[in-house]
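Quick notes on the structure that follows.
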There are 2 protein chains.
Amino acid sequence: MARREEARHRPGGRTPLDRATVLAAAVAMADAEGTAGVSMRRLADRLGFAVMALYNHVRSKDELLALMVDAVAAEVPPPDPGLPPMAAVRAHALDTRAAFVRHPWAPPLWLESLPGPERVDHMEALLAVLARSGLDPETAHHGFHAVNNHVIGYTLQEQAMAFPADDLADRVAVFLASVSADTHPLTVAHVHEHLGGRTESSFELVLDLILDGLVRRG
Amino acid sequence: MARREEARHRPGGRTPLDRATVLAAAVAMADAEGTAGVSMRRLADRLGFAVMALYNHVRSKDELLALMVDAVAAEVPPPDPGLPPMAAVRAHALDTRAAFVRHPWAPPLWLESLPGPERVDHMEALLAVLARSGLDPETAHHGFHAVNNHVIGYTLQEQAMAFPADDLADRVAVFLASVSADTHPLTVAHVHEHLGGRTESSFELVLDLILDGLVRRG
DNA sequence: AGGGTGCAGCGTACGCTGTACGTTGTCAAG
DNA sequence: CTTGACAACGTACAGCGTACGCTGCACCCT
């Protein structure tokens, strides 16, 4: 009876795989090495099982990737109902961004796979806050996209330069070497403004600009 | 002498490959079947050459992909110097979006590869317009990102649902089937607003909202 | 005119990928 | 004790990117 709860396992072997274990290992692997580093074989190796054992728990690699991004969506806390609506939208955007920063491989997949259940909850939550914000329905509709696009677009753009994690400086250096300050002074200056480190505040600043615009529109 | 200009070719065979031909074929192939459909083997087959012949003109597949996105950047016309600055920014954003609509496979690559020469021109052009817009330098810096993120983020998000080209309806149907109107009424309603067709105007509307916000900020 | 050189095209081969299929061993239920 | 379900596994296949070495043509220099 209590045994029933216990996963059944063969006596000689370790406890069998299950879906959640596979998913967790895949997320960990992607966090460490990016999406490109995740292959079914490497994943199975790390878990100590044969490749095809994974397919007893996951229909295909595509399904696994979809589960992974849904797991990231699940990490975003629901909007705080105690906050004024637009403040809740703002906080929700920051929380979403934080999840993307923890899992830099997620934004591209987020765009490519259809939303799973967790992501639908994420959508519904944002739409609900917008609905009680006093914005007229059409503005709310556009606001949903404006906020989402900003969060995803910004994070994507930023991490394209910085992933895998530590070669940011290398990539910037390679890039700068390919651009002449004579013919493209503004581009070079722009990159140097980033090296000055004001990147982080830019996300919130543009977000506020969008939110203000929505509110003013009514 | 005139012969010198003529590409040298072997008498029995067709004119040899060159970099531009490979690039053009790759772009055409991606337009038709998406990035996933482009493999070096298939590309070589279509050109009537052996696989390894391609590598005489392109260092690697990654380089080829980078060239492809740079080719898309080259399609964006430079901002019209006759326009008032912010109107030119707006037009440039629309032109960039148009190029992405013609080549739906481009936005993800745009984010993943370092900018090539054409894309650097694209950056410099936008920065130049912003520089003569009267915005203060910090606002201009943020405006560059705000506009870029909107263009890329919006197009990416939109085409994630619609690519390959014709199965938009299918994907929407599959998605709607997975969402209950009881538990997620706002999500379902939001999707139906899209089916009503106001998607296209949303891009420009949010763009204007961002541009207004920048101008007001000074 | 003849020899040398460089380079485009090519064939082969390697290591990697996702996954279809069939077998095996162990459990729980009848 | 038998039976059925099912997780794990081994094998195999088609496809990928690309390193390497060979071949033969077109040119340049003598």
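Protein chains get the first letters and strands the later ones, always in sequence-line order, with residue 1 at the start of each. Treat the numbers as computed from the prediction; the structure is a model and nothing was measured.
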What is the distance, rounded to the nearest whole Å, between atom CD of Glu33(B) and atom P of dC16(D)? 11 Å
Any base atoms under 4.0 Å from Arg59(A), or only sugar-phosphate, or nothing? Heavy atoms, all strands. nothing
Within the structure, does a side-chain N or O atom of His57(B) lie under 4.0 Å from either OP1 or OP2 of dC7(C)? no
Provide, to the nearest angstrom, the distance between the CG atom belonging to Asp45(B) and the P atom belonging to dG11(C). 12 Å
Does the ring centre of His150(B) sit less than 6.0 Å away from the ring centre of His150(A)? no
Give the rounded distance in Å between these two atoms: CE of Met40(A) and C1' of dA8(D). 14 Å
Just the rounded figure in Å: distance from P of dC16(D) to NZ of Lys61(A). 16 Å
Integer-rounded Å distance: dA8(D) P and Leu17(A) CG: 5 Å
Looking only at dG17(D), dT12(C), dT19(C), the nucleotide nearest the Met52(B) side chain is dT12(C)
Flag, side chain of Arg119(A) to backbone of Ala73(A), donor-acceptor distance under 3.5 Å: no
Output the rounded distance in Å from CG (Asp18(A)) to C1' (dC6(D)). 15 Å
Expected output: side-chain Glu118(B) to main-chain Val72(B) donor-acceptor under 3.5 Å: no
Of the candidate nucleotides dT18(D), dC10(C), dG10(D), which contains the atom at the shortest distance from the side chain of Ala53(B)? dC10(C)
When the distance from CZ of Arg41(A) to P of dA12(D) is rounded to whole Å, what number comes out? 14 Å
Length of the line joining Leu47(A):CG and dC9(D):C1', which is rounded to integer Å: 15 Å
Quick one: which of dT19(C), dG11(C), dG10(D) gets closest to the side chain of Ala50(A)? dG10(D)
Before we go on, tell me: are the rings of Phe203(B) and His145(A) under 6.0 Å apart, centre to centre? no
So if I take every side-chain heavy atom of Ser60(A) and compare against dA8(D), dT19(C), dG9(C), which nucleotide ends up nearest? dT19(C)
On the 0 to 90° scale, with breaks at 30° and 60°, tag the His122(B)-Trp110(B) ring pair as parallel, tilted or perpendicular. perpendicular
Checking dA8(D), dC16(D), dG9(C) against the side chain of Ser39(B) (C-beta onward), the nearest is dC16(D)
